[in-house]
Every structure is written in structure tokens, then in C-alpha cells.
There are 2 protein chains.
Amino acid sequence: LIELRDICKIYQMGDMQVRAVCGVTLDVEKGELISIMGPSGSGKSTLMNIIGLLDQPTSGEYWLEGADVAKLDENTLAEIRNRRIGFVFQSYNLLARTTALDNVELPLIYSGTKNRRRKAREALETVGLADRVDHRPNELSGGQQQRVAIARALVNDPDIILADEPTGNLDTKTGLEIIDLFQRLNKERGITILFVTHDSEIADFTRRIIHIRDGAIEHNERVENQ
Amino acid sequence: LIELRDICKIYQMGDMQVRAVCGVTLDVEKGELISIMGPSGSGKSTLMNIIGLLDQPTSGEYWLEGADVAKLDENTLAEIRNRRIGFVFQSYNLLARTTALDNVELPLIYSGTKNRRRKAREALETVGLADRVDHRPNELSGGQQQRVAIARALVNDPDIILADEPTGNLDTKTGLEIIDLFQRLNKERGITILFVTHDSEIADFTRRIIHIRDGAIEHNERVENQ
Ligand SMILES: Nc1ncnc2c1ncn2[C@@H]1O[C@H](COP(=O)(O)OP(=O)(O)OP(=O)(O)O)[C@@H](O)[C@H]1O
Ligand SMILES: Nc1ncnc2c1ncn2[C@@H]1O[C@H](COP(=O)(O)OP(=O)(O)OP(=O)(O)O)[C@@H](O)[C@H]1O
Ligand SMILES: [Mg+2]
Ligand SMILES: [Mg+2]
């Protein structure tokens with residue numbers, strides 16, 4: 001499903017170069033449940049943004065279901081981002097003046113889906129926020145904002161979910177409920193899921209852990225105790 | 001040092017009331033190292049904002065070193081917030097168009113401190129960001145932004161540090177380095193430290209854990225293994 005070949009993302013800062021990621025080669029099969037771990041600043045979000053079509057690599061190739069992403073036009077990319085990929089951002093990226101319900105409804109407006117309001121409401125229920133639908137982000141706790149971002153990523157029934165540290169602001173119990181939800185989506189609907197986490201307990205729920213350090217893949221770990 | 005008596009914070013949403021916290025009575029002695037734990041949405045940030053003078057309770061009393069906070073004028077409050085309290089926000093609250101160095105320097109400008117640039121640089125070194133001082137927030141990873149927020153909270157040598165989930169976006173190793181730093185500030189300089197965390201491993205480094213649920217203190221736990 002996802003093939004990365006020698007991916008590099010290099011930022012030019014004045015006369016210095018920051019190699020956010022470099023030399024990343026990676027294959028992800030349809031239906032995999034993978035976690036990505038590594039130190040702060042090691043390139044995890046950068047890699048996720050490239051996979052999620054939110055950023056372009058400086059060099060290297062990215063094939064999504066056999067199509068060379070660099071050759072796709074902007075409309076096709078926008079369509080894939082909206083309908084096929086659900087992205088949970090590390091800093092949520094919610095619209096500030098907009099209620100939780102409207103934030104979650106937004107992808108459904110873009111995809112022209114029927115029954116938007118009902119679907120958005122159900123997604124919020126799934127993450128335990130049925131009683132917070134009319135709150136704006138600044139009227140929500142940090143973990144509640146995080147869950148709105150999760151609900152929004154799920155609402156268009158994507159076949160790939162990319163979640164950048166989806167439980168960082170959640171207590172252990174709520175965090176496990178979210179991971180349980182991801183596991184069920186993966187098992188029952190075959191959704192391919194990659195998430196970045198710092199929590200090894202949570203990584204143990206996945207079937208493969210990719211360890212990243214200094215912008216490169218250090219090693220791949222099969223999780224055996226399934 | 002800190003005395004809260006029957007603190008309530010209630011938000012009016014249309015004709016509904018949201019009781020973010022209610023009935024919180026709490027004493028914090030000078031030099032304590034305390035963690036606050038509880039489910040997402042249970043009132044931890046609300047409580048921290050009241051203690052940090054960033055928000056006023058709907059009812060109840062707050063005595064800071066014997067002074068009734070409700071009776072202090074705005075200048076005194078601003079002075080205490082700037083010089084005596086270092087606050088690490090759950091969502092960092094960094095200035096977007098400003099480098100890490102300038103973000104950390106800001107409290108020093110307000111307090112009219114000499115050698116600002118050097119002190120800001122040292123604070124960033126302490127959190128491992130010596131090579132990221134000229135990056136703006138959107139040129140930093142999530143965990144790097146979190147560490148800039150931590151550096152900024154320390155730079156004015158506060159005697160109280162309030163940290164709202166300071167390790168939520170940090171890998172285990174970097175998170176423990178930060179907690180180690182807090183422990184040292186507490187032991188060596190007697191700084192009173194309260195932090196919110198979801199990580200019980202991190203809470204075990206403190207000497208008292210306050211458990212919060214549904215806006216109220218459920219119980220106080222002494223940590224014995226010191
Ligand atoms: N726009 C940019 N310009 C310069 N450097 C950048 C930019 N964006 C990211 N970086 C750098 O690239 C590196 C990787 O960043 P990235 O956000 O991928 O890290 P991460 O692994 O997600 O970290 P964390 O766990 O802290 O979220 C970091 O060292 C960061 O400072
Ligand atoms: N301005 C507001 N208006 C209405 N309700 C609010 C407002 N701010 C916070 N709340 C509600 O108050 C409750 C407590 O919020 P708070 O941010 O203190 O939770 P928290 O314990 O910090 O949670 P988390 O661990 O998710 O950060 C939440 O249920 C939240 O929805
Ligand atoms: Mg990141
Ligand atoms: Mg909070």
C-alpha cells in the first residue's frame with residue numbers, strides 16, 4: 001500500500017542544513033497496525049506528514065497503492081487526503097471559533113457526504129464526547145481537544161489512519177480506550193493504521209514497531225504477543 | 001504557601017452549567033513536589049490556572065503566602081505571575097513568529113533582568129535545545145516546542161513552578177530528563193513544584209499525588225519510596 005524509497009526531508013536554515021529525515025525506506029502492507037517510536041526531534045512527525053501527503057520530500061520516492069505520489073495533480077492529492085487518509089495531528093489543528101461538532105463535520109462537507117450531522121455526532125460519541133459537542137476548542141480540556149481531532153480523522157471512513165501521538169494528553173484509561181478503538185477499526189474494517197507514540201505499553205498493542213533516531217529508521221520490531 | 005478553600009469554577013453554557021472544578025480545598029507547603037493526576041476533563045488544567053493566577057474561581061478562596069488573591073490589584077498579580085510563578089502550559093502558548101530564544105527571553109524583558117540573552121540561552125541548553133535556538137515554533141518538533149515552554153517557565157528563577165503535562169509529547173528518556181531537572185530544582189533550590197501528569201511512573205518521582213475526578217479531589221497519596 002505504502003512504499004517509501006530513500007526519503008529525505010532537509011530544511012535550509014540560513015547556511016545550515018537540518019536533516020529532519022534522510023534515507024528512509026519503508027513498506028507498509030494494507031491492513032497493518034504499526035507504531036512509530038523515537039526520541040523527541042527524531043523525525044516522526046516529518047515522516048507522517050510525508051506519508052499523509054501534507055508535505056513533500058526533498059528527495060526519494062513515495063508510491064501510494066502503486067501510484068507515484070510526485071506525479072499526482074493537486075485535485076487527486078486533495079481527494080486522497082480528504083477521503084482516504086484520516087490524520088490526527090500532534091497539535092490537533094482544530095478551528096478555534098468552531099464547535100467540536102462543526103470541526104468534526106468539516107471533512108464530510110468537503111466530501112459531500114449525506115447525514116453529516118449524524119455522522120459527526122456518532123464520531124464524537126465514539127471518543128466519549130457526546131456531552132461536549134457544542135464546546136469550542138478553548139472550552140475543552142487538552143485531552144478533549146485531542147479526541148475531537150481523533151473523531152475528525154475517523155469521520156470520513158478513511159482506509160488509512162495516521163495518528164501523531166494520539167494519546168499524549170490522555171490519562172491511561174482514556175488512552176487505552178482510544179487504542180482499543182484503533183485496534184477494532186483495524187481488525188473489523190481492515191483499516192491500515194500508523195501511529196506515533198512515546199508509550200511502549202501502547203506500542204505493544206500494534207504488530208510492528210518502527211524505531212526512528214536522528215531522521216533514520218534504526219530498526220523494525222515484530223510484536224509477538226498477539 | 002498555597003491555600004485553596006472550597007474552590008469552584010463553573011462555566012455557563014447557554015442554560016447548562018459545566019462544573020469544571022467544585023469543592024476543592026487544598027494546602028501546599030513551601031518546597032513541596034506534587035503531582036496531580038486524573039482523567040481527561042476532570043479539572044486539572046482549570047485548577048492549575050487558578051493556582052497560577054491565570055483564572056479566577058467562581059467561588060471559594062485562594063490565599064497565596066497569606067495574601068487573599070481576590071484582593072490583590074492587577075499590577076501585583078502581574079508581578080507575581082511574571083517573577084514568582086513559572087507556568088508550563090498544556091498547549092505551550094509560544095509566540096508563533098518568534099524564535100525559541102526570543103520566546104524564552106520574553107519573561108526576562110518584562111522583569112527587566114540583565115544578561116537576558118545569556119540566561120535564555122542557558123535555559124534552552126538545560127532542556128537540550130542548544131542547537132534549536134533560532135527555530136520558530138513551526139520549525140520545531142512537538143516535543144521541542146514543549147521544551148521551549150519549559151525553558152521559558154524556568155528562566156525568571158520562579159519560586160513556584162506549575163507544569164501542565166510537561167512530558168506529554170516527550171519520549172520516555174527525554175521526559176525523565178525533564179522530571180530529573182524538576183527534582184533537582186526542588187531539592188537544590190527549594191522551588192515548590194506542582195505538575196499535572198498522566199504518567200504514573202513520573203508521578204512516582206514526586207512526594208505527593210493528588211487524584212482528581214469530576215472536578216473534585218478524590219484522594220491525596222503520599223509517595224513513600226523516596
Ligand atoms: N520547518 C522546519 N525547519 C527546520 N527544522 C525543522 C522544521 N520542521 C522540523 N524541523 C526539525 O526536524 C526535526 C524532526 O522534527 P519532527 O517534528 O519530525 O520530530 P518528531 O520526531 O516528531 O519529534 P517529537 O517527538 O518531539 O514530536 C527536529 O529536530 C526539528 O527541529
Ligand atoms: N471555557 C469553558 N467553557 C465550558 N467548559 C469548559 C471550559 N473550559 C473547560 N471546560 C470543561 O471543564 C472540564 C475541565 O477542564 P480541564 O481543562 O480542567 O480538564 P483537564 O483535567 O485538564 O483535562 P485533560 O487531562 O484532558 O487536559 C472539561 O470537561 C471541559 O470541557
Ligand atoms: Mg512530532
Ligand atoms: Mg488539561
Side-chain angles (χ1 to χ4, degrees), chain A residues 11-14 16 18 20 36-46 48-49 89-92 94 99 127-129 131-147 164-165 167-175 177-178 196-201 203 211-213 215, chain B residues 11-14 16 18 20 37-46 48-49 89-92 94 99 127-129 131-147 164-165 167-178 196-201 203 211-213 215:
Chain A
Y11 294 103
Q12 197 69 36
M13 302 272 303
M16 272 213 352
V18 177
I36 299 172
M37 298 188 80
S40 172
S42 56
K44 307 177 296 294
S45 297
T46 303
M48 293 284 273
N49 289 340
F89 293 89
Q90 188 168 7
S91 54
Y92 324 147
L94 302 177
T99 63
V127 297
L129 292 177
D131 60 350
R132 289 285 180 274
V133 294
D134 295 323
H135 287 232
R136 292 181 175 71
N138 68 345
E139 296 166 335
L140 292 170
S141 78
Q144 289 167 344
Q145 292 173 31
Q146 188 156 39
R147 285 182 276 160
D164 198 345
E165 299 196 36
T167 62
N169 275 303
L170 299 174
D171 54 284
T172 308
K173 177 162 174 289
T174 313
E177 286 168 15
I178 293 299
V196 173
T197 183
H198 285 312
D199 191 330
S200 43
E201 279 193 39
H211 294 272
I212 295 202
R213 181 175 291 278
Chain B
Y11 294 102
Q12 198 68 37
M13 303 274 302
M16 271 212 355
V18 176
M37 300 189 78
S40 173
S42 55
K44 308 178 296 294
S45 295
T46 304
M48 292 284 272
N49 289 339
F89 294 89
Q90 189 168 7
S91 56
Y92 324 147
L94 302 178
T99 63
V127 297
L129 292 179
D131 60 352
R132 289 286 180 271
V133 295
D134 297 322
H135 287 231
R136 291 181 178 71
N138 69 346
E139 296 167 332
L140 291 170
S141 78
Q144 290 167 345
Q145 292 172 32
Q146 187 157 40
R147 284 182 276 161
D164 197 347
E165 300 194 37
T167 63
N169 275 304
L170 300 176
D171 55 283
T172 309
K173 177 163 175 289
T174 312
L176 289 173
E177 287 168 15
I178 293 300
V196 173
T197 184
H198 285 313
D199 190 332
S200 45
E201 278 194 40
H211 293 273
I212 295 201
R213 179 176 292 278

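Model, not experiment: these values are computed from the prediction. By convention in this document, chain letters (A, B, ...) are assigned in the order of the sequence lines, proteins followed by strands, and residues within each chain are numbered from 1.
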By salt bridge (charged side-chain N to carboxylate O under 4.0 Å, His left out), A/R213 pairs with (sequence neighbours left out) A/E218
For A/E139, the salt bridge (charged side-chain N to carboxylate O under 4.0 Å, His left out) test, sequence neighbours excluded, returns none
One should read off an interatomic distance between B/D199 CG and A/E201 CD, to the nearest 0.5 angstrom, of 9.0 Å
Using non-hydrogen atoms only, which part of [X] is less than 4.5 Å away from chain A: side chain, backbone, both, or neither?
X: B/S40; value: both
X: B/V196; value: neither
X: B/E165; value: side chain
X: B/D134; value: backbone

Give the member of [options] that has the highest number of heavy-atom pairs under 4.5 Å with chain A.
options: B/Q145, B/R132, B/K173, B/M13; result: B/M13
options: B/S200, B/G168, B/G128, B/S45; result: B/G168
options: B/V18, B/N169, B/T174; result: B/N169

Who among [options] has the most heavy-atom pairs with chain B under 4.5 Å?
options: A/G143, A/P39, A/S141; answer: A/P39
options: A/H135, A/K44, A/M16, A/Q146; answer: A/H135
options: A/S91, A/G14, A/G41; answer: A/G41

task = Taking the side chain as every heavy atom from C-beta outward, state whether A/T167 and B/H198 have any pair of such atoms under 4.5 Å apart.
result =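 In short, these two side chains do not touch, never coming nearer than 4.5 Å.
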Is there a side-chain contact between A/M37 and B/D171 in this structure, where contact means two heavy atoms from C-beta onward sitting under 4.5 Å apart? no
